[in-house]
Structures are given as structure tokens and as C-alpha cells.
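Reviewing the structure listed below.
Every heavy atom of this structure was used, including side-chain atoms; hydrogens, water molecules and symmetry mates were not.
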Amino acid sequence: MVSFNGQDLFSSRCVWVNGPVIVGAGPSGLAVGACLKEQGIPFVILEKSDCIASLWQKKTYNRLKLHLPKQFCQLPKFPFPQHYPEYPTKKQFIDYLESYARKFDINPMFNERVQFAKYDQICKLWRVKTISPNGLEVEYICQWLVVATGENAEKVVPNIEGLKEFGGEVIHACDYKSGEKFSGKKVLVVGCGNSGMEVSLDLCNHNAQPSLVCRSSVHVLPREIFGKSIFELAMFMMKWLPLWLVDKTLLILTWFILGNIEKYGLKRPKIGPLELKNTQGKTPVLDIGALEKIRSRKINVVPGIKRFSCGTVELVNGEKLKIDSVVLATGYCSNVPFWLKESEFFSKNGFPKAPFPNSWKGKFGLYAVGFTRRGLSGASADAIQIAQDITKAYNEDIMQKKQKISTL
């Protein structure tokens with residue numbers, strides 16, 4: 001990395017990076033960095049927050065654990081410690097990521113928010129402009145750009161009629177830490193994905209009275225079947241069986257273990273869980289105890305919301321509930337369209353247009369990691385391919401420059 005005008009990096013306005021710029025210091029960005037380090041390729045990681053994995057460190061609830069066994073969540077070239085449980089806790093996963101960064105000597109440029117990144121057709125280079133909290137702007141110039149901001153960069157807050165007039169506390173799940181402060185309160189949890197289910201369970205365990213809004217259909221699966229992770233079982237079956245048959249088998253096993261959940265207000269989609277994940281990116285809920293609370297009516301499942309009013313929510317079925325607080329477990333979205341000035345590789349929703357497994361590479365040295373909707377294992381697979389491709393291009397570039405020098 002070279003600063004123009006001989007100035008120090010932190011007072012420079014323009015910086016040449018002799019390698020790729022990676023935007024995002026979450027697991028995906030760290031994985032690409034580690035793979036590049038192994039090949040001796042220089043790089044710069046830009047991170048808007050003041051730490052690695054800021055989503056995990058600052059925007060997750062305390063009781064969170066990995067939903068999948070650790071062997072499906074480890075990053076390239078560095079397994080989880082053997083003493084870690086099968087489903088590591090939030091703290092253990094953060095410790096693992098910090099150890100990962102130390103092992104590969106990855107030092108992101110923190111507090112640098114990317115304002116825009118665009119490809120300069122004349123110079124044949126990427127220009128990435130950042131701004132720091134003190135207002136300092138820096139432009140990074142590079143041949144390769146790796147987008148590693150991920151699927152969950154920004155929270156999604158739905159526009160619900162009357163929410164501003166509700167009067168009680170309204171928070172997004174990213175700001176929820178524990179149900180302790182909600183003890184004795186009636187809390188409406190909007191969204192019945194994994195976050196909504198776990199927040200409702202946590203509220204229940206802290207003596208709150210949660211109502212869970214389940215507006216659309218959802219697959220609820222047991223986290224384990226016969227002592228084995230349902231994800232591990234699915235991956236094994238997919239080696240031998242077509243997707244539709246794996247889905248059918250999973251649903252039959254789920255029915256035997258969980259029974260008929262539709263009578264509790266949880267309608268199943270017509271499409272199988274794996275096909276739904278592949279085609280629409282909707283992750284099935286892996287039950288870790290919420291269903292038991294739903295059966296015992298300690299978690300009240302309700303239909304969609306019609307409108308809010310002062311201290312009250314009216315549901316689409318006409319029922320009105322008195323509530324004290326609202327937790328919006330309404331998910332996250334990509335922020336790529338806000339800063340990447342490119343429309344050929346990425347779509348308007350911030351995901352690559354090309355489907356998996358061809359979603360990792362665009363034109364002009366543009367790459368995407370962590371957008372496969374296949375979790376950490378998908379991000380790791382992307383990272384390995386990206387590092388290999390950049391290494392090949394980097395070495396070819398060096399050879400071409402040497403040949404030009406030799407001809408002088």
C-alpha cells in the first residue's frame with residue numbers, strides 16, 4: 001500500500017493498494033484475507049465499525065449460538081478449538097474470529113465507511129472512497145475489489161400503519177440483548193424467523209409475555225434428528241437423493257418429531273425447506289425450545305398486523321392486543337446498492353445477479369463473498385475461489401511487468 005505525495009496514510013487523500021481492497025471485516029472479509037495471506041498477496045480491508053465482525057459483536061442478542069454444528073461454520077485453514085461445544089456461543093464465535101485475525105495477521109482499517117466504489121474505465125482501476133468519523137476522506141486505488149459486506153449489513157424496518165403513534169418502546173432485534181428488562185411486560189415480536197423465535201423464547205424465559213406475529217408460512221424443523229444435526233443429515237442425503245426427495249424426507253421426520261404445528265398458527269410453505277432456501281433465500285427455523293413454549297401457550301402466535309394505536313395493536317383478524325413493547329425481528333438487507341456504483345454484476349437488492357455457484361466473480365476484478373445464502377460454509381467456499389483467482393491475476397500481472405522491463 002503506497003500513499004501518494006509521500007504523506008502518511010492517515011493524512012493522505014489518495015492511496016494505491018498493491019492488491020485487492022476488501023470491503024467488510026466480518027467473517028467473509030476475514031476469510032478472503034486469510035486465503036490471500038497464505039499466498040503472500042497484499043490487501044487492505046476497510047471496515048466502517050471499530051471492530052471485526054461488528055454484526056456479531058454489536059447487533060446480536062446475548063443467548064445467540066451458532067445454529068449449525070461448528071464444522072459447518074469454520075473459516076478456511078483454521079478449525080474451531082476442539083474444546084468448543086458443537087454449537088458455539090456468541091462469545092466463543094467472536095473469540096474464534098479474533099484468534100483467526102491474529103493468526104493470519106489481519107489488520108483492517110477500522111472506522112472507514114465506504115462512500116462509494118466505482119470502476120474507472122479510463123485508468124482500468126477501482127476507486128474506493130471512504131470517510132472516517134472525523135471527516136477525513138481517503139480514496140483507495142486498486143485493481144481488484146472484493147465486496148464482503150454480506151447479506152445482513154443493514155436492518156430492515158417495515159412501514160406499519162400507526163407504529164409511530166404506538167407510544168411504547170419499539171426496537172429492532174439488532175438492538176435486543178436480553179429479555180431481562182421486559183420481565184412482566186407484554187411484548188409483540190414481529191417476525192417468525194430464527195431471530196423472532198429465539199427472542200420470543202428468551203422473553204418467555206425472563207417472565208415476559210410474548211406474542212409472536214406469524215404473517216406468512218414458515219418451516220420449523222428440529223435442530224437435531226436422532227442426535228444428529230438436521231443440516232448434517234440433509235447434506236448427507238443430498239449426496240445420493242434429489243432435492244425434492246430430501247425435502248420430503250425431512251418433512252416426514254419433522255412431522256414425527258414435532259407433530260402438526262399448523263394448529264398453533266404456524267403454517268408450512270408448500271415448497272420444501274431446502275428448495276425454498278435455494279430459490280428464495282428463506283432460512284427454515286431450527287427449533288431450540290420455542291415450539292414447546294408455543295404449545296403451552298406461553299408464547300402466543302398471532303396473525304399479521306393491521307395497524308398500531310396507542311398501547312394497542314390490531315391484527316388482520318380484527319383482534320386487538322394491549323402491549324407494552326415491540327421487537328421488530330424483521331431481518332436485514334444488503335447495503336451494496338448504496339455505495340457500489342455498478343449495476344451489471346449486482347442487482348437492485350444488493351445480491352449478485354448470477355445464481356450460485358457463479359455468484360462470486362464479476363468483471364474488471366470485482367468479486368463478491370458471503371452472498372450465496374449458504375451461511376459461513378458458502379462464504380468460505382467463495383473466499384477460497386476468490387483468493388485463488390486474485391493470486392493468479394496478481395502473479396500474471398507481475399510477470400507482464402517483468403517482461404516489459406526486460407525489453408527496455
Lys/Arg N to Asp/Glu carboxylate O, [X] vs [Y], below 4.0 Å:
{"X": "K129", "Y": "E137", "answer": "yes"}
{"X": "D397", "Y": "K392", "answer": "no"}
{"X": "K124", "Y": "D120", "answer": "no"}
{"X": "E86", "Y": "K70", "answer": "no"}
{"X": "K361", "Y": "D389", "answer": "yes"}

Is it true that atom [atom1] of [X] has more than 12 heavy atoms of other residues, nucleotides or ligands lying nearer than 6.0 Å?
{"X": "K164", "atom1": "NZ", "result": "no"}
{"X": "E344", "atom1": "CD", "result": "no"}
{"X": "K90", "atom1": "NZ", "result": "yes"}
{"X": "K91", "atom1": "NZ", "result": "no"}
{"X": "E180", "atom1": "CD", "result": "no"}
{"X": "F116", "atom1": "CZ", "result": "yes"}
{"X": "K248", "atom1": "NZ", "result": "no"}
{"X": "K228", "atom1": "NZ", "result": "no"}

Of all the heavy-atom pairs spanning [X] and [Y], show the shortest one and how long it is.
{"X": "L201", "Y": "A290", "result": "CD2-N, 4.0 Å"}
{"X": "C73", "Y": "L66", "result": "CB-CD1, 3.8 Å"}
{"X": "C214", "Y": "G265", "result": "SG-O, 4.0 Å"}
{"X": "I271", "Y": "L276", "result": "CG2-N, 3.7 Å"}
{"X": "P20", "Y": "V146", "result": "CB-CG2, 4.3 Å"}
{"X": "I22", "Y": "G29", "result": "CG2-CA, 3.9 Å"}

Under the ring pair (Phe, Tyr, Trp, His ring centres under 6.0 Å) test, residues paired with [X] that sit two or more places apart:
{"X": "Y87", "value": "none"}
{"X": "F93", "value": "W56"}
{"X": "H67", "value": "none"}
{"X": "Y100", "value": "F78, F104"}

Evaluate the side-chain proximity of [Y] to [X]: yes if any heavy-atom separation is below 4.5 Å, no if none is.
{"X": "E38", "Y": "P76", "answer": "no"}
{"X": "L366", "Y": "E342", "answer": "yes"}
{"X": "D382", "Y": "T372", "answer": "yes"}
{"X": "V220", "Y": "M197", "answer": "yes"}
{"X": "R374", "Y": "N278", "answer": "yes"}
{"X": "V213", "Y": "C192", "answer": "no"}
{"X": "D287", "Y": "P222", "answer": "no"}
{"X": "P88", "Y": "Y96", "answer": "no"}

Requested in this report: Starting from the C-alpha separation in whole Å, work towards a yes-or-no answer on salt bridge (charged side-chain N to carboxylate O under 4.0 Å, His left out) for K270 and E275.
Outcome: CA-CA 10 Å; K270 294 181 180 180; E275 184 182 351; over 6 Å; no
Starting at [atom1] of [X], measure out to [atom2] of [Y] and round the result to the nearest 0.5 Å.
{"X": "L250", "Y": "M237", "atom1": "CG", "atom2": "CE", "result": "4.0 Å"}
{"X": "L136", "Y": "E112", "atom1": "CG", "atom2": "CD", "result": "7.5 Å"}
{"X": "L221", "Y": "I257", "atom1": "CG", "atom2": "CD1", "result": "9.5 Å"}
{"X": "L274", "Y": "M238", "atom1": "CG", "atom2": "CE", "result": "6.0 Å"}
{"X": "R268", "Y": "W255", "atom1": "CZ", "atom2": "CH2", "result": "11.5 Å"}
{"X": "R102", "Y": "L97", "atom1": "CZ", "atom2": "CG", "result": "10.5 Å"}

Exam field: side chain [X] to backbone [Y], donor-acceptor pair closer than 3.5 Å:
{"X": "Q57", "Y": "I52", "answer": "yes"}
{"X": "R373", "Y": "G378", "answer": "no"}
{"X": "S347", "Y": "F351", "answer": "yes"}

**Report entry** Worked verdict on I141 versus V17 for side chain to side chain contact (heavy atoms under 4.5 Å, CB included)
**Finding:** CA-CA 6 Å; I141 311 296; V17 180; over 6 Å; no
Report task. Test salt bridge (charged side-chain N to carboxylate O under 4.0 Å, His left out) on R307 and E314 and set out the steps. Result -> CA-CA 5 Å; R307 65 172 66 89; E314 182 181 352; 2.8 Å; yes
Query - Stepwise side chain to side chain contact (heavy atoms under 4.5 Å, CB included) check, F110 with E47 - result: CA-CA 5 Å; F110 293 119; E47 169 55 46; 3.8 Å; yes
Query raised in the report: Does the side chain of S211 pick up a donor-acceptor pair with the side chain of K186 at under 3.5 Å?
Result: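 K186 and S211 do not have a side-chain donor-acceptor pair below 3.5 Å.
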**Report entry** Pairs satisfying ring-ring contact (aromatic ring centres under 6.0 Å, His included), at least one member in residues 300-345, at least two apart
**Finding:**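 Every ring-ring contact (aromatic ring centres under 6.0 Å, His included) pair that includes a residue of residues 300-345, provided the two are not neighbours, is F166-F308, H172-Y332.
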Report task. Sort and list the pairs that fulfil ring-ring contact (aromatic ring centres under 6.0 Å, His included) and have at least one residue in residues 205-232, not counting sequence neighbours. Result ->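 Found F72-F231.
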Query raised in the report: Which of these, V336, V369, V114, V23, sits in a side-chain contact (heavy atoms from CB on, under 4.5 Å) with V147?
Result: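 Only match with V147 under side-chain contact (heavy atoms from CB on, under 4.5 Å): V336.
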Query - side chain to side chain contact (heavy atoms under 4.5 Å, CB included) between E169 and I171, worked out - result: CA-CA 7 Å; E169 182 178 16; I171 63 170; 3.5 Å; yes
Query - Derivation of the side chain to side chain contact (heavy atoms under 4.5 Å, CB included) call for I305 and L188 - result: CA-CA 10 Å; I305 298 167; L188 187 73; 3.9 Å; yes
Query - Verdict with reasoning, E154 to K48, per salt bridge (charged side-chain N to carboxylate O under 4.0 Å, His left out) - result: CA-CA 12 Å; E154 302 292 339; K48 65 180 180 180; 3.1 Å; yes
Query raised in the report: Is the Lys NZ or Arg CZ of R127 less than 6.0 Å from the centre of Y119's six-membered ring, within 45° of the axis?
Result: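 Geometry flag: not set, cation outside 6.0 Å or 45°.
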Requested in this report: Could you walk me through whether E161 and K306 pass the salt bridge (charged side-chain N to carboxylate O under 4.0 Å, His left out) test, one step at a time?
Outcome: CA-CA 7 Å; E161 183 182 347; K306 186 175 182 180; over 6 Å; no
